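Notes to accompany the following structure.
Order of the sequence lines fixes the chain letters, A, B, ..., with proteins taken first and strands second; residue numbering starts at 1 for each chain. Because the structure is a prediction, the values reported are computed rather than measured. Computation of the quantities below employed the complete heavy-atom set of this structure, encompassing side-chain atoms and omitting hydrogens, waters and symmetry-equivalent molecules.
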Amino acid sequence: MSLSLYNSMTCSKQPFQPIDSQRVTMYVCGPTVYNRVHIGNARPAVVFDTLYRLLTSLYPNVQYARNITDIDDKIMKTAAELGEDISVLSTRYAEAYFDDMQALNNLPPTIVPYATQHIPEMTDMISRLVAKEHAYESEGHVLFAVQSMADYGKLSGRSLDDMLAGARVEVASYKKYAGDFILWKPSADDEPGWDSPWGRGRPGWHLECSAMIEKHLGESIDIHGGGQDLIFPHHENEIAQSCCAHDGKPVANVWMHNGFINIEGEKMSKSLGNFRMVNDLLEQYPGEVLRYVILSAHYRSEQNFGKDLLDSAWRSLDAIYGFLRTQVGIEAAAVDIADTHAYAALLDDLNTPVAISELHKFAREMNAADGDALAEAKGRLLAVAGLMGLLQQDPEQWFTHSRGGSDISAEEIEVLIAKRNQAKADKDYAGADGVREELKAMGVVLEDSREGTKWRRG
RNA sequence: GGCGCCGUAGCAAAGUGGUAAUGCAGUGGACUGCAACUCCGCGAUCGUCGGUUCGAUUCCGACCGGCGCCUCCA
């Protein structure tokens, strides 16, 4: 069985062939840190984290880099408004991003490069591009000359004429050609800047990824990922820079792009005011619910986040954790999942919806099994789920953790349960039901069984 | 204008040239003092219209509807 991935460059699914089977390299575009991140930023993080886990199951050494963009005009603008240094602002939000990603059960990437820590690498790359006449200096700017590259536009599938036909191209006096993009731009005295051969300034947006990939992963990497909107111009320009700096070598063999997340049927936008921040959602839902929702759709399709979907996902997880809760004393057996339908689905361009459906089947199998079969079923369920970063929590905690609604403590709940048990022992069923209703009103559901009464928040 | 995507049961979401996984919700029953959990059962002919084919939801075309990108953007 082998991994197949859809390559945006060729618009087709292809068998994955690493450049070096001993060291697989993946780079994913991370956030620009000037605010808390929204759920749209979470999708690539979750998707490529899942791919990272999958790759790790196949190859001995997977190098996964996800950058932090900590110099950018949006950062400068926000920092100026708050009257603080950009590094203070960007550090704060980078930390917040890490917290949010951890809450979604994303593993830390192997490498987390920061743009501002790679200024020399960037200026070095610019110098090489200028020397090779792919870039030129003009009025303190350095621009990439897109006409100097034959294949420019290949990833996004458009010609230079097509691009300019859109007519939203910025016309600037320093551009020789309207489609040229900035590698370096001058900074005013009150703006952040670094010294360079072209004066004090700052790098263009696309350059950091090219420079950081080159430094940390090499001239050509196996997989490059990001959101669909990055195809143009970001990744197109990244390809242009890296490819031209490296005499035509491809920067990545496989380009992967996740689809967009909409909110209640509408695109997230400032004008609609419907940005859903991850940390806000985390106040209402466990991170695992957000993760489950993201993985319940194929990564390339558009996904519509809404309350119904989140609630449904929560109940779906409840169902499986419910099975796990009843088998909490069973030690999961170490099993080989290589021959499972679920693993095959993941290998098939990360078909997480199918893998999740298999999780539900595994859970039922586990529920019906006993003895060795039970231990194996549990092992299979947890192993496949682990590849997706799901179901790794303690089931007891899953059900007893606060769900935002009820403030009643576990101790108070236990006191009421004891009271109800006494009522039951006294055949006072009206009293017992009263306690049940009282707890239900506070979002606590009781489940009687031979072993006693369990409770959960629901 | 250019490039591209999507339309599958109430909701969500896979999939295949030979009449469609899975989850949530709903519903009938078993279990239960009552419940909950669990178990058994129940639902779609795949936007519309043509074409290719022995046969299409799956391939081709047209149309209808929804959407994305075209230098802020995951």
Any side-chain heavy atom of A/Gln241 sitting closer than 4.5 Å to one from A/Phe181? yes
Atom CD1 of A/Ile231 to atom P of B/C73: distance rounded to whole Å? 14 Å
Check: A/Tyr174 and A/Asp180 side chains under 4.5 Å, non-hydrogen atoms: no
How does protein reach along nucleotides 39-45 of chain B, written 5' to 3' as B (base within reach of a heavy atom under 4.0 Å), S (only sugar-phosphate), or - (no contact)? S------
Answer with yes or no whether A/Arg158 presents, from its side chain, a donor or acceptor under 3.5 Å of a partner atom in the base of B/G1. no
So for A/Asp229 and B/G68, does any side-chain atom that can act as donor or acceptor lie under 3.5 Å from a complementary atom in the base? no
Going by atom types alone, do A/Asn106 and A/Gln102 pair a side-chain donor with an acceptor below 3.5 Å? no
Could you measure between the two P atoms, the one in B/A20 and the one in B/C31, and give it in whole Å? 34 Å
A/Ala385: which residues meet the side chain to side chain contact (heavy atoms under 4.5 Å, CB included) condition with it, sequence neighbours left out? A/Leu359, A/Leu390, A/Leu391, A/Gln392
Go through the N and O atoms of the side chain of A/Arg325 and the base of B/C37, and report whether any donor-acceptor pair is under 3.5 Å. no
side-chain N/O A/Lys267 vs B/C69 OP1/OP2, d < 4.0 Å: yes
Under 3.5 Å donor-acceptor pair, A/Asp448 side-chain atoms to B/C34 base atoms: yes
Classify the nucleic acid contact of A/Ala368 as base, sugar-phosphate or nothing, counting any heavy atom under 4.0 Å across all strands shown. nothing
Between A/His141 and A/Trp184, does the ring-ring contact (aromatic ring centres under 6.0 Å, His included) criterion hold? Intermediate values first, please. CA-CA 5 Å; A/His141 297 68; A/Trp184 190 263; over 10 Å; no
Separation of B/U71 atom C1' from A/Leu143 atom CG, nearest Å, is 12 Å
Starting the side chain at C-beta, find the nucleotide from B/U71, B/A36, B/U22 nearest to A/Val445. B/A36
Do A/Met388 and A/Thr352 touch side chain to side chain, with heavy atoms closer than 4.5 Å? yes
Quick one: label A/Asn262 by what it contacts on the DNA or RNA (base, sugar-phosphate, nothing), any heavy atom closer than 4.0 Å. nothing
Between B/U22, B/G15, B/G33, which nucleotide gets closest to the side-chain atoms of A/Asn351? B/G15
Need to verify one output field. Residue with the more 5' nearest nucleotide on RNA chain B, A/Ala297 or A/Lys74? A/Ala297
Using ring centroids (six-membered ring only for Trp), state whether A/His206 and A/His235 fall under 6.0 Å. no
B/C5 and B/A9: how far apart are their C1' atoms, nearest whole angstrom? 23 Å
Gap between atoms CG and P, on A/Leu290 and B/A74 respectively (whole Å): 18 Å
Pull out every residue in residues 299-314 of chain A that has a heavy atom closer than 4.0 Å to any atom of RNA chain B, ordered by number, or say none. A/Ser301, A/Glu302, A/Leu309, A/Ser312
Categorize A/His298 for me: base, sugar-phosphate, or nothing, with a 4.0 angstrom heavy-atom threshold over every strand shown. sugar-phosphate
If you measure from the Lys or Arg side-chain nitrogens to the Asp or Glu carboxylate oxygens, is any gap between A/Arg53 and A/Asp49 under 4.0 Å? yes
Only counting residues at least two apart or in another chain, list the ones meeting side chain to side chain contact (heavy atoms under 4.5 Å, CB included) with A/Asp308. none
Pick base, sugar-phosphate or nothing for A/Ile261, based on heavy-atom distances below 4.0 Å to the nucleic acid. base
Report the distance from atom CD of A/Glu238 to atom C1' of B/U71, rounded to the nearest whole Å. 15 Å
Just call it for A/Gly40: base, sugar-phosphate, or nothing, with non-hydrogen atoms closer than 4.0 Å on any strand. base
So, does the side chain of A/Arg43 form a donor-acceptor pair with the base of B/A74 at under 3.5 Å? no
Expected output check: what is the dot-bracket annotation of RNA chain B, where ( ) and [ ] are pairs inside the strand (brackets for crossing ones), | is paired with another strand, and pairs are Watson-Crick or G-U under 3.5 Å? (((((((..(((.....[...))).(((((.......)))))....(((((..]....))))))))))))....
State whether A/Asp311 and A/Arg315 are salt-bridged, where the test is any N-O pair (Lys NZ or Arg NE/NH1/NH2 against Asp/Glu carboxylate O) under 4.0 Å. no
Nearest-angstrom distance, P atom, B/G1 to B/U19: 42 Å
Flag side-chain contact, heavy atom, 4.5 Å: A/Val251 against A/Ser210: no
In whole angstroms, how far is the C1' atom of B/A13 from the NZ atom of A/Lys361? 13 Å
Partner of A/Arg36 by side chain to side chain donor-acceptor pair (under 3.5 Å), out of A/Asp99, A/Asp100, A/Asn41: A/Asp100
Classify the nucleic acid contact of A/Leu230 as base, sugar-phosphate or nothing, counting any heavy atom under 4.0 Å across all strands shown. sugar-phosphate
Distance, P atom - from B/A62 to B/G23, rounded to whole angstrom: 39 Å
Please state the P separation for the pair B/C63 and B/U45 - nearest whole angstrom. 27 Å
Need one value for A/Gly226: base, sugar-phosphate or nothing, where a base atom within 4.0 Å counts as base even if backbone is also close, heavy atoms only. sugar-phosphate
Can you measure A/Lys440 atom NZ to B/A35 atom P for me and round it to whole angstrom units? 11 Å
Looking only at side chains, do A/Trp455 and A/Glu414 share a donor and an acceptor under 3.5 Å apart? yes
Residues 427-446 of chain A side chain polar contacts: donor-acceptor under 3.5 Å, at least two apart:
from, atom 1, to, atom 2, distance (Å)
A/Asp428, OD1, A/Gly431, N, 3.0
A/Arg436, NH1, A/Leu446, O, 3.4

So A/Lys454, base contact, sugar-phosphate only, or nothing? Heavy-atom distance under 4.0 Å. nothing
Separation of the P atoms in B/C46 and B/C40, to the nearest angstrom: 30 Å
If you measure only the distance, is there a donor-acceptor pair under 3.5 Å linking the side chains of A/Thr116 and A/Asp70? yes
I'd like the P distance from B/U38 over to B/A21, given in whole Å. 22 Å
Rounded C1' spacing from B/U8 to B/A56 in Å: 14 Å
Value in whole Å for how far the P atom of B/A36 lies from OH of A/Tyr321: 24 Å
Name the residue closer to the 5' end of RNA chain B, choosing between A/Pro353 and A/Asn41 according to the nucleotide with the nearest heavy atom. A/Pro353
Over all strands shown, is A/Arg315 touching base, sugar-phosphate only, or nothing at heavy-atom distances under 4.0 angstrom? sugar-phosphate
Atom OH of A/Tyr429 to atom P of B/A35: distance rounded to whole Å? 13 Å
